[in-house]
Amino acid sequence: GSKEFPNFRMKCFRDELTSMYIEYMGTKLQRKRFESTYVHIPSNLPRNKSNECLWSNESAKSTVAKYLNDLDYYKFCNDCLDS
C-alpha cells in the first residue's frame, strides 16, 4: 500500500507475461454472469517492422524511450517494473 491508499496493493507484470497476469487476476475477480465467445475484430493493418525506423535506429529508439519515460504514465510503469 501507500499513504494515499493503505488498503491498496499493486502487482506489476511485464507485458510478455500476460498469461500470468490473467491467471493471477482470475483468482481475484468474479466471473461474468453471462459469458460470451471472444471474437477478434482487427482494427489495424498488419505491421511490417522492417519499414519502421525505431527497430533499426538505436538513436531514434533511445530518443523516443527517453521522451516516453518522462511522461507520468510510463514513468510509473518503469518504476513498478524495475522494482
Side-chain angles (χ1 to χ4, degrees):
S2 67
K3 290 179 184 175
E4 297 90 11
F5 303 100
N7 296 325
F8 180 78
R9 289 184 313 168
M10 186 173 358
K11 259 188 160 350
C12 292
F13 293 85
R14 293 191 312 273
D15 60 347
E16 65 267 17
L17 300 177
T18 304
S19 61
M20 288 178 66
Y21 171 76
I22 291 171
E23 184 178 321
Y24 172 79
M25 291 307 292
T27 66
K28 307 296 177 195
L29 301 174
Q30 292 179 333
R31 295 193 70 75
K32 291 181 177 182
R33 279 181 63 191
F34 303 101
E35 292 192 29
S36 60
T37 304
Y38 172 76
V39 177
H40 176 72
I41 301 173
S43 58
N44 296 323
L45 297 173
R47 292 173 59 185
N48 181 351
K49 289 185 180 182
S50 64
N51 293 334
E52 298 174 11
C53 67
L54 287 181
W55 299 106
S56 59
N57 184 331
E58 288 300 320
S59 175
K61 192 186 318 184
S62 175
T63 300
V64 170
K66 182 179 179 337
Y67 171 78
L68 291 175
N69 287 331
D70 288 339
L71 301 175
D72 287 338
Y73 177 81
Y74 293 102
K75 191 181 302 180
F76 163 79
C77 290
N78 281 341
D79 290 346
C80 185
L81 292 174
D82 289 341
S83 63

Sequence-distant partners of Glu35, side-chain contact (heavy atoms from CB on, under 4.5 Å), two or more places apart: Arg31, Lys32
Distance (rounded to the nearest 0.5 Å) between Thr27 OG1 and Ile22 CD1: 12.5 Å
Co-membership, hydrophobic cluster, residues Trp55 and Tyr67, 4.5 Å side-chain: no
Salt bridge (Lys or Arg N to Asp or Glu O under 4.0 Å) pairs, two or more places apart, involving residues 37-48: Arg47-Glu52
Salt bridge (Lys or Arg N to Asp or Glu O under 4.0 Å) against Glu58, all qualifying residues, sequence neighbours excluded: Lys61
